[in-house]
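Notes follow the structure.
The sequence lines fix the lettering, A, B, ..., with proteins before strands; numbering per chain opens at 1. Keep in mind the model is a prediction, meaning the values are calculated, not measured.
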Amino acid sequence: MPELPEVEHVVRALRHTITGRTIVAGEVRLPKLIAPLSAAAFHRKVKGSTIKGVSRRGKFILIECHRGRNTESNRSDFILAVHLRMTGKFLYLYPDDDIPKHSHAIFYLDNDRRLVFRDQRQFGVMKLIAGGQLTRTKGIKELAPEPFGEDFNPEYLKSVVHRSRRSLKTLLLDQTKVLGLGNIYASEALFRARINPFKIAGELSPARIIRLHQSILAVLRDAITDSSTSRIDLEQEDGFSYGEAFERFWQVYEREGESCVNCGSKIRRATHGGRSTYWCPKCQRR
DNA sequence: ACCCTCACCTGCACGC
DNA sequence: TGCGTGCAGGTGAGGG
């Protein structure tokens, strides 16, 4: 379920929790999670490595590790890149806690705690990336610029939008074009920009592209800020709950039939490319 | 290069 | 109570 704001919160929680810890052992129970690497090879690589830090690229969580004493040497450094997809979660278990169902990877840490990757739907993915290879890794190298970076500017968005004949809603979900939105925040960003989700991207006026750019940033930033009131707790059964702090902020998503906060019209829902899209028919006319 | 459809999974809410 | 259906916030492979 997580989109960029939720991933950002998981990254902060992990950074705070596991930076500096050494991985004593790594166990993989669902081989496809790390395929084509074998569980044995995975264990050999992570065993004895120390976690330097935790960062993010798009919706990928990057756990930066190094091995051996010489931290200056890049040679044996690697990144564990984790994508939560729909239901992936991290848990930080106490020694006596049971390992819950759907736990597909377990990292035994040097403080006797275990970091568990749990994923009910098994869509999540882990990649072991050798030092310096991040920008050459398939699935990561294709990603659009970070939304909060300099390269994601109105000019960039204009170039992407003008080249596309897809609907804006579909375009916003394409991580190689616009990074960080998912099905919820794509609807929310279009609502804030007052743009109809079915509008063809290439037909968007320059003024509206600027508005869309601002709305994308505002939605992501607000979601990160608002939800910080609900701290992501890696010790909860679910690792973290998206909870009310995230939902409270939705203005159209999952609000079919409710009144638009701007004009009072009934929010509509339609299935578009197999996924739900929500919009206000009056504020977001075609 | 672009874009569409389907596939990957489990669990939950719903109607009968 | 059970069973079938549709739905869920993400992406990638494969094809046109």
Side-chain angles (χ1 to χ4, degrees), chain A residues 1-10 29-36 56-61 81-89 100-105 117-127 137-144 147 159-191 197-203 216 219-220 222-224 226-227 230 232 237-256 269-279:
Chain A
M1 333 207 268
E3 304 180 32
L4 190 142
E6 291 82 0
V7 173
E8 177 63 27
H9 277 279
V10 175
R29 296 180 171 187
L30 183 74
K32 72 173 179 183
L33 178 65
I34 49 152
R56 181 184 64 65
R57 174 79 177 100
K59 299 176 191 171
F60 280 92
I61 297 165
V82 184
H83 200 301
L84 304 175
R85 294 285 180 92
M86 301 281 259
T87 51
K89 277 153 191 173
K101 202 175 168 185
H102 305 303
S103 295
H104 306 315
F117 179 72
R118 189 180 181 203
D119 184 9
Q120 167 183 301
R121 284 174 79 178
Q122 303 181 17
F123 290 170
V125 174
M126 267 187 203
K127 301 170 191 278
T137 301
K138 190 162 157 291
I140 293 182
K141 67 171 190 277
E142 298 87 354
L143 295 175
S159 72
V160 162
V161 161
H162 276 158
R163 244 180 288 147
S164 172
R165 299 300 300 165
R166 300 148 99 182
S167 74
L168 277 163
K169 171 70 188 321
T170 304
L171 185 72
L172 291 186
L173 292 176
D174 185 340
Q175 303 297 299
T176 69
K177 305 293 190 297
V178 175
L179 191 59
L181 299 174
N183 205 38
I184 296 172
Y185 298 130
S187 279
E188 296 295 328
L190 288 165
F191 174 73
F198 305 103
K199 178 144 186 95
I200 300 301
E203 297 172 359
I216 290 167
V219 160
L220 292 175
D222 288 358
I224 290 172
D226 283 22
S227 58
S230 82
I232 286 190
E237 165 73 6
D238 261 353
F240 49 90
S241 56
Y242 298 108
E244 292 163 25
F246 283 101
E247 292 169 20
R248 174 181 72 207
F249 143 116
W250 301 345
Q251 298 189 303
V252 286
Y253 191 81
E254 278 192 350
R255 296 207 171 195
E256 181 183 18
R269 168 187 181 272
T271 303
H272 181 218
R275 344 210 28 202
S276 293
T277 294
Y278 298 82
W279 78 103

### Query
So, do A:Phe123 and B:dC8 meet the stacking rule of ring centres under 5.5 Å and planes under 30°?
yes
### Summary
Rounded to whole Å, CZ of A:Arg118 lies from P of B:dG11 at a distance of 10 Å
### Query
What is the minimum heavy-atom distance between A:Ser164 and A:Ile200, and which atoms define it?
O-CG2, 4.2 Å
#### Entry: Whole angstrom value for the distance that separates C1' of C:dG9 from CZ of A:Arg255
16 Å
### Task
Considering only atom C1', compute the distance from B:dC3 to C:dG9 and round it to an integer number of Å.
23 Å
### Span that lies between the C1' atom of B:dC12 and that of C:dT11, in whole angstrom
22 Å
### Message
Quick check on C:dA13: is either OP1 or OP2 less than 4.0 Å from any side-chain nitrogen or oxygen of A:Lys138?
### Response
yes
#### Entry: A:Glu142 CD to C:dG12 C1', straight-line distance once rounded to whole Å
11 Å
### Query
Within this structure, what is the NE2-to-P distance between A:His83 and C:dG12, rounded to whole angstrom?
7 Å
### Separation of C:dA8 C1' from A:Trp250 CH2 (nearest whole Å)
11 Å
### Query
Do A:Arg118 and A:Ser103 meet the criterion of a side-chain donor-acceptor pair at a distance under 3.5 Å?
no
### Message
Could you tell me how far apart A:Gln122 (CD) and C:dG10 (P) are, to the nearest whole angstrom?
### Response
19 Å
### Test log, rule side-chain contact (heavy atoms from CB on, under 4.5 Å), inputs A:Val82 and A:Phe117
CA-CA 9 Å; A:Val82 184; A:Phe117 179 72; 3.8 Å; yes
### Task
For nucleotides C:dG14 and B:dC9, find the distance between their P atoms and express it as a whole number of Å.
15 Å
### Query
Does the side chain of A:His102 get closer than 4.0 angstrom to OP1 or OP2 of B:dC9 through an N or O atom?
no
### Task
Measure from CG on A:Asp119 to C1' on B:dT10 and round the result to the nearest Å.
10 Å
### Task
Look at the side chain of A:Lys32 and decide which nucleotide, out of C:dG9, C:dT11, B:dC8, has an atom nearest to it.
B:dC8
N/O contacts under 3.5 Å, protein versus nucleotides 3-7 of chain B?
unit_1: B:dC3; atom_1: OP1; unit_2: A:Ser164; atom_2: OG; d: 3.2
unit_1: B:dC3; atom_1: OP1; unit_2: A:Arg165; atom_2: N; d: 3.0
unit_1: B:dC3; atom_1: OP2; unit_2: A:Arg166; atom_2: NH1; d: 3.4

#### Entry: Strand DNA chain C as a dot-bracket string - pairs counted if Watson-Crick or G-U with both distances under 3.5 Å, | where the partner lies in another strand
.|||||||.|||||||
### Query
For A:Gln120 and B:dC9, what is the distance between atoms CD and P respectively, to the nearest whole Å?
14 Å
### Query
Given B:dC9, C:dC7, C:dG9, which nucleotide is nearest the side-chain atoms of A:Arg121?
B:dC9
### Task
Output, in order, the C-alpha distance, side-chain angles, deciding distance and verdict of side-chain contact (heavy atoms from CB on, under 4.5 Å) for A:Leu190 and A:Lys199.
CA-CA 10 Å; A:Leu190 288 165; A:Lys199 178 144 186 95; over 6 Å; no
### Query
Between A:Gly139 and A:Ser276, which is nearer to the 5' end of DNA chain C once each is assigned its nearest nucleotide?
A:Ser276
### Query
Below 4.0 angstrom from OP1 or OP2 of C:dT11, is there any side-chain N or O of A:Gln175?
yes
### Query
Is any side-chain nitrogen or oxygen of A:Lys101 closer than 4.0 Å to OP1 or OP2 of B:dG11?
yes
### Message
Quick one, A:Leu4 with A:Tyr185, criterion side-chain contact (heavy atoms from CB on, under 4.5 Å). Give me CA distance, side-chain angles, the key distance, then yes/no.
### Response
CA-CA 9 Å; A:Leu4 190 142; A:Tyr185 298 130; over 6 Å; no
### Task
Examine C:dG9: is either OP1 or OP2 under 4.0 Å from a nitrogen or oxygen in the side chain of A:Tyr253? Give yes or no.
yes
### Query
Step by step, would you call A:Thr87 with A:Arg121 a side chain to side chain donor-acceptor pair (under 3.5 Å)?
CA-CA 6 Å; A:Thr87 51; A:Arg121 284 174 79 178; 5.5 Å; no
### Non-hydrogen atoms of A:Glu142 and A:Gly139 that approach each other most closely
OE1-N, 2.7 Å
### Task
Starting from the C-alpha separation in whole Å, work towards a yes-or-no answer on side-chain contact (heavy atoms from CB on, under 4.5 Å) for A:Val161 and A:Leu171.
CA-CA 8 Å; A:Val161 161; A:Leu171 185 72; 3.9 Å; yes
### Query
Would you call A:Arg165 and A:Glu203 a salt bridge, taking side-chain N to carboxylate O under 4.0 Å as the test?
yes
### Message
Quick check on the 6.0 Å ring-centre criterion: do A:Trp250 and A:Tyr278 meet it?
### Response
no
#### Entry: Short N-O contact, A:Lys59 and A:Glu3, less than 4.0 angstrom
no
### Query
Do the side-chain N or O atoms of A:Lys59 get closer than 4.0 angstrom to the phosphate oxygens (OP1, OP2) of C:dG10?
yes
#### Entry: Presence of donor-acceptor pair under 3.5 Å, side chain of A:Arg275 and base of C:dA8
no
